[in-house]
Protein chains: 2
Amino acid sequence: MATRGEQTRARILDAARASVLERGFAATSIDDIQEAAGISRGTFFYHFPSKDDVSREIIERHAEVDREVTDEFLRRAGDLVDDPAQQLVVMVGLYADYFRSLDTQYPGCLFASYTYEAGLFDEATEQTVKDSIAYWRDVVAAKVREAMEAHTPVIEIDPVGVADQIYSVMQGAFILGKVDGSNELIAEQMNLLKEHLKLVFGLRTAAKEVPAAT
Amino acid sequence: MATRGEQTRARILDAARASVLERGFAATSIDDIQEAAGISRGTFFYHFPSKDDVSREIIERHAEVDREVTDEFLRRAGDLVDDPAQQLVVMVGLYADYFRSLDTQYPGCLFASYTYEAGLFDEATEQTVKDSIAYWRDVVAAKVREAMEAHTPVIEIDPVGVADQIYSVMQGAFILGKVDGSNELIAEQMNLLKEHLKLVFGLRTAAKEVPAAT
DNA sequence: ACAATTAAACCGATCAGTCGGTACTGGAGA
DNA sequence: TCTCCAGTACCGACTGATCGGTTTAATTGT
């Protein structure tokens, strides 16, 4: 159970995160955060020495969650199917399901937000973003490598390139999703990517041939 | 020939655009712009009534250039090959070549920047972003539709979905490219996407079979 | 008792935007 | 050719508001 102080701290971080994703970090004032969190100005500074500390903590928390989700999706994919190529496909599908299941508009990714506000953050914060992306890239690329051993790809591919492609589609879809106000768009992009991966690894469901009507 | 005033105006817009792409709009002060453009504070306000007007003009100029590039790439693709599916592939390749040819780090897309700072801009500005993306989607989706008629896709696809996928990969790659400080990454992502498209439309270069050694 | 919270006053820095004035330039009139 | 003038372009000091951050004294919850 979280103490009262911890709850307030969490409320501050939540409010800050939401505002940063909507307006960006620079346009997020402490008064905005304080008001959204339903606390006073004094309380904000009781919990955080500065605004920068909030940005650091937000990104670190996001990095942590991101890593957990990555690990869990990979683990669940591993539980569901044995073939590493299938695991990749399932993983992308899990992302699709996740975005589709949300009942509010997905607000985008903090890493992207910070990237488009580069120069406002200190070295350590930038490094957190880089490390998080690098982690994702590494674990997914490793899985792609496994998949390549199990199924010779139909086209020449670079494992890191494929990992980046998945990441790119996700990040790009977040932007389109925000503009269109649609989580479904994000999910659909993940689904299409899934089909691409199946093609690359020759995982076409051959049994799905439509029986000719007569 | 541009008048002196027009040149100054352009310098202001260039400086503003660069700063917005690096730090975001909110963190771009008029002093930043003024200093980068090599003019005084007074001159800025001589040319622009407010900071918001600059944001509007920047995005409109970007939208215009974006549209021109889209049209030109599609036109050039049409000049190079007849088959609409091949045209799509060539178009993506043209983007790849473009990003590879840059000698400075590609700073990212203003639409993405604005999307992650939504709420700072007025209705008209937001609409410009939406319209620009919609235009891209429409013309590329139309080409995908043509391609589908010429080549039955190997997988079930939605033309708009495919257009969005290309856009997503580009936008996502911009982010990765910024983080990694690499234009090559962006170009590589476009190349991989090119291969995916070839697969989908069955455009594999069958003649490329590696002759068995011995 | 002690941690958490409040409200308000306050600070210096920086912000967007204003204003009064100056330099440059390209004619028009003599 | 010289003078004068209007418009264009530019300048930098100034204003009021807002920013992040501090301080304090008085509560509240456990």
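Just so it is clear: chains get the letters A, B, ... in the order the sequence lines come, proteins before strands, and each one is counted from 1. When reading the values below, keep in mind they use all heavy atoms of this one structure, side chains included, and skip hydrogens, waters and symmetry mates.
The interatomic distance linking Glu35(A) (CD) with dT18(D) (P) rounds to 13 Å, in whole Å. If you measure from atom CZ of Phe48(A) to atom C1' of dT22(D), you get 18 Å, rounded to the nearest angstrom. Nucleotide dT18(D) holds its C1' atom 14 Å from the CD atom of Gln34(A), rounded to whole Å. Look at OH on Tyr46(A): it is 16 Å from C1' on dT23(D), rounded to the nearest Å. When the C1' atom of dC19(D) is taken as reference, atom CZ of Phe44(A) falls 13 Å away, rounded to whole Å. Between Phe45(A) atom CZ and dT23(D) atom C1' the separation is 12 Å, expressed in whole Å.
For Asp31(A), counting side-chain heavy atoms from C-beta on, the closest listed nucleotide (dC19(D), dA9(D), dG20(D)) is dC19(D). The side chain of Arg41(B) sits closest to dA13(D) out of dT8(D), dG20(D), dA13(D).
Using a 3.5 Å distance cut-off with no hydrogens or angles, the side chains of Thr128(B) and Thr125(B) do not pair a donor with an acceptor. Using modelled atom types, one finds a donor on one side chain and an acceptor on the other under 3.5 Å when comparing Asp53(A) with Ser50(A). Under 3.5 Å, the side chains of Lys178(A) and Gln105(A) contain no donor-acceptor pair of N or O atoms.
Taking the charged nitrogens against the carboxylate oxygens, Arg61(B) and Glu64(B) have no contact shorter than 4.0 Å, which rules out a salt bridge.
Thr43(B) comes within 4.0 angstrom of a nucleotide base, judged by non-hydrogen atoms across all strands.
For the pair Ile186(A) and Leu176(A), the minimum side-chain heavy-atom distance is 4.5 Å or more.
Comparing Pro49(A) and Asp32(A) by the nucleotide of DNA chain D whose heavy atom lies nearest to each, the residue mapping closer to the 5' end is Asp32(A). Nearest-nucleotide assignment on DNA chain D puts the 5′-proximal partner with Thr8(B), out of Thr8(B) and Ala26(A).
From the 5' end on, the contacts that DNA chain C makes with chain B at under 4.0 Å to a non-hydrogen atom open and close at dC15(C) to dT18(C).
At the phosphate of dT8(D), neither OP1 nor OP2 sits under 4.0 Å from any side-chain N or O atom of His47(B).
Scanning for side-chain hydrogen bond (donor to acceptor under 3.5 Å, both in side chains) contacts around Gln127(B) gives Asp131(B), with sequence neighbours left out.
Of all heavy-atom pairs spanning Ser132(B) and Phe111(B), the tightest one is CB-CZ, 3.3 Å.
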